[in-house]
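What you see is a predicted model, and the numbers here were worked out from it, not measured in a lab. Count residues from 1 along the sequence.
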Amino acid sequence: MAAVGIYVLTLFGILIRIGLTFTYLPGWFQSRCEVVTPLTSWERVEEGLSLQEQFISPYSGDVFHETPLALRLLKVAKIFPFKERGFFMFVEILTFIFLYKVAAAFTRHLIKRQMQEIKSYSDQATSIYLDGEKLAWLPTITVAVHAFSPFSIMTSLSMSTAAITNLTTIMTFYFLLQENRLLCTFFLAVSTYQSFYPFVLIVPAAIHFYKLSNPSAGSYSNKQAISSYFETCSLFAMLCGLLIGSSFMMEGSFDFLFSTYGFILAVPDLTPNTGVFWYFFTEMFDHFRTFFVCIFQLNAVIYTFPLAIKFSERPFFLMYILIFLTSIFKSYPSYADAALYLSLLPLWRHTFSYLRNTLVVGGMYICCLVLAPIFYHLWIYAGSANANFYFAITLTYSTAQIFLLTDLLFAYLRREYDLVHGTEHKNPDGTKARIMLE
């Protein structure tokens with residue numbers, strides 16, 4: 001029954017996207033700064049393809065910021081039925097397939113982990129034990145969220161190249177679950193090559209592959225652990241080097257590095273988006289700019305190390321949290337980033353009963369979806385508002401993401417605590433205790 005539901009949901013999700021392509025929405029989404037960025041805009045890809053056809057380097061100006069290999073791939077998109085639309089529908093179909101595979105593999109992982117750790121669980125925690133019958137619906141729920149998520153639909157219709165990065169990130173997650181070091185690091189290298197920030201995911205990947213080779217290891221800093229980390233990181237670095245080297249051979253120069261990764265790190269284009277970089281650096285004095293760019297970029301990766309220490313026993317959750325964090329703090333975020341982490345969010349459905357702010361967070365997401373285009377229109381077209389209106393809604397959107405992330409962290413840790421100590425907590429005097437995170 002669940003398998004039939006997955007096929008129906010996938011078909012319905014694709015039909016929704018195909019049907020909407022015949023409306024005005026795809027063109028409108030391509031112009032929305034919440035949906036596409038200077039890095040992922042299809043209009044800029046077309047500009048790059050046009051320059052290449054005229055035998056002009058697409059990296060000679062300040063318009064095109066895609067990677068050389070992606071440019072060649074997108075050039076081949078014209079051979080698909082319906083050309084580039086058909087290509088992005090194909091990417092969407094692959095995304096559905098691998099989301100299903102990830103959810104199915106993760107279900108098996110959760111059951112396996114529970115069987116290994118159940119001896120350490122409290123007898124009073126049976127109510128929160130994972131049940132195979134309930135988890136059987138996890139792939140269906142995951143596919144359904146992606147099929148009907150407005151963020152996923154907007155990403156697909158706008159032909160944002162972030163859809164390719166999302167797919168490779170999901171494949172990274174899948175091959176991590178499949179315990180395939182080579183393919184996991186390969187797709188992680190492709191994601192990093194495309195959008196830079198996924199390089200932080202090498203940390204949970206390295207921890208996971210060390211745990212596989214030493215399942216009973218109690219230390220993550222001994223010689224054996226360091227050797228395993230070095231092996232995983234070296235493979236990742238070699239694959240990244242091959243991708244960059246192939247790009248150099250195609251372009252004949254390293255100019256693309258400054259137009260892709262240099263553009264991501266230096267943040268020269270202050271077109272409004274769903275992040276906070278654009279407004280802050282519009283107001284920033286030039287002589288302070290370099291310092292604050294470094295601080296803001298560091299903010300996107302610095303949480304990796306404390307989180308890796310805290311969740312060293314849970315590399316899959318660590319990887320998801322890092323995907324979420326980079327989506328919030330990257331220099332050019334968009335709704336495509338939300339499409340990725342929201343599609344993977346059902347994997348942690350077993351912690352949802354511990355969430356505390358679902359109504360507030362849900363309301364904030366809906367308000368941002370509705371008000372962002374309105375405030376942008378009032379600012380840019382009607383002239384009856386200013387940049388502060390639009391910045392307020394992007395700040396609200398960032399706050400909603402942080403609320404959701406911190407709530408999920410609390411829910412996960414609280415469930416882990418209850419598994420060991422039971423769900424009933426009492427003070428020495430017999431009154432009900434309140435558990436708090438410190």
Side-chain angles (χ1 to χ4, degrees), residues 34-40 65 67 95 102 151-152 155 160-173 176 184-185 187-208 233 236 240 260-267 273-278 280 293-311 314-345 347-348 394-395 397-409 412:
E34 304 93 4
V35 183
V36 297
T37 69
L39 291 166
T40 62
H65 306 290
T67 56
T95 302
V102 165
F151 298 100
S152 301
T155 302
S160 169
T161 58
I164 301 172
T165 307
N166 287 355
L167 174 60
T168 56
T169 304
I170 291 169
M171 293 172 78
T172 300
F173 209 106
L176 187 74
C184 175
T185 51
F187 284 107
L188 178 54
V190 173
S191 297
T192 302
Y193 171 77
Q194 275 295 106
S195 59
F196 182 73
Y197 291 101
F199 78 90
V200 298
L201 304 183
I202 192 60
V203 174
I207 293 173
H208 173 66
C233 293
F236 170 70
C240 287
T260 52
Y261 311 127
F263 185 82
I264 292 171
L265 294 173
V267 203
N273 54 51
T274 60
V276 295
F277 276 72
W278 68 273
F280 188 88
V293 165
C294 293
I295 295 299
F296 272 56
Q297 295 289 8
L298 187 63
N299 195 52
V301 300
I302 197 170
Y303 305 107
T304 303
F305 302 104
L307 286 171
I309 295 171
K310 178 63 179 177
F311 295 105
R314 302 288 184 263
F316 301 111
F317 186 69
L318 173 61
M319 178 172 281
Y320 178 75
I321 292 300
L322 293 179
I323 290 171
F324 208 137
L325 277 170
T326 54
S327 298
I328 300 171
F329 295 115
K330 67 197 302 187
S331 53
Y332 293 102
S334 69
Y335 285 164
D337 301 300
L340 175 61
Y341 67 70
L342 289 177
S343 294
L344 293 171
L345 184 61
L347 298 180
W348 319 106
T394 60
L395 198 61
Y397 177 70
S398 297
T399 304
Q401 293 181 97
I402 293 170
F403 278 4
L404 177 57
L405 176 61
T406 53
D407 207 18
L408 183 63
L409 281 168
Y412 189 89

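The structure places CE of Met319 at 10.0 Å from CD1 of Ile207, a figure rounded to the nearest 0.5 Å. Atom CG of Leu318 and atom CG of Leu307 lie 6.5 Å apart (nearest 0.5 Å). Between atom CD1 of residue Ile321 and atom OG1 of residue Thr326 there is a gap of 11.0 Å, rounded to the nearest 0.5 Å. Atoms CD1 and CG, from Ile202 and Leu322 in turn, are 11.5 Å apart once rounded to the nearest 0.5 Å. From Cys184, atom SG reaches atom CE of Met171 across 11.5 Å, with rounding to the nearest 0.5 Å. Taking OG1 of Thr172 as the reference point, atom CG of Leu201 lies at 7.0 Å (rounded to 0.5 Å).
Closest non-hydrogen pair, Leu405 versus Leu325, comes out as CD2-CD2, 3.4 Å. Nearest heavy atoms, Thr155 versus Ala336: OG1-CA, 3.3 Å. Of all heavy-atom pairs between Ala308 and Val203, the closest is CB-CG1, 3.7 Å. Pairing each heavy atom of Ile264 with each of Ser195, the nearest pair is CD1-O, 4.0 Å. The shortest non-hydrogen separation linking Thr192 to Tyr261 is O-CE2, 4.0 Å. Tyr332 and Asp337 make their closest contact through O-OD2, 4.4 Å (heavy atoms, listed as atom of the first residue, atom of the second, distance).
Contact of the Leu265 side chain with the Phe196 side chain is registered, since non-hydrogen atoms from C-beta on lie closer than 4.5 Å. The closest side-chain heavy-atom distance from Pro198 to Leu188 is below 4.5 Å. Using a 4.5 Å heavy-atom cutoff, the side chains of Asn273 and Glu34 are not in contact. Side-chain contact between Trp278 and Val267 is absent, with no heavy-atom pair separated by less than 4.5 Å. Under the 4.5 Å side-chain criterion, counting only non-hydrogen atoms from C-beta, Leu404 is in contact with Leu342. In this structure the side chain of Ser331 reaches within 4.5 angstrom of the side chain of Tyr197, judged on heavy atoms. Contact annotation: the side chain of Tyr193 never approaches that of Cys240 to less than 4.5 Å [non-hydrogen atoms, C-beta and beyond]. Between Ile323 and Leu340 the shortest side-chain heavy-atom distance falls below 4.5 Å.
Between Thr165 and Thr168, the side chains place no donor N or O within less than 3.5 Å of an acceptor N or O (distance only, hydrogens not considered). For Gln194 and Thr67, the side-chain atoms include at least one donor-acceptor pair closer than 3.5 Å.
Heavy atoms of other residues, nucleotides or ligands lying less than 6.0 angstrom from CZ of Phe296 number more than 12.
Not a single donor-acceptor pair under 3.5 Å links the side chain of Thr40 to the backbone N or O of Val36. Of the possible donor and acceptor atoms, one in the side chain of His208 sits under 3.5 Å from a partner among the backbone N and O of Leu176.
Each of Phe173, Phe311, Trp348, Tyr412 was scored for a ring-ring contact (aromatic ring centres under 6.0 Å, His included) with Tyr320, with one residue passing: Trp348. With Phe324 as the fixed residue, the ring-ring contact (aromatic ring centres under 6.0 Å, His included) test singles out one of Phe317, Tyr341, Tyr303: Tyr341.
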Chi angles and distances behind the side-chain contact (heavy atoms from CB on, under 4.5 Å) call for Phe329, Gln401: CA-CA 10 Å; Phe329 295 115; Gln401 293 181 97; over 6 Å; no
Worked verdict on Thr406 versus Ile402 for side-chain contact (heavy atoms from CB on, under 4.5 Å): CA-CA 6 Å; Thr406 53; Ile402 293 170; 4.2 Å; yes
Steps toward side-chain contact (heavy atoms from CB on, under 4.5 Å) verdict (Ser334, Val35): CA-CA 5 Å; Ser334 69; Val35 183; over 6 Å; no
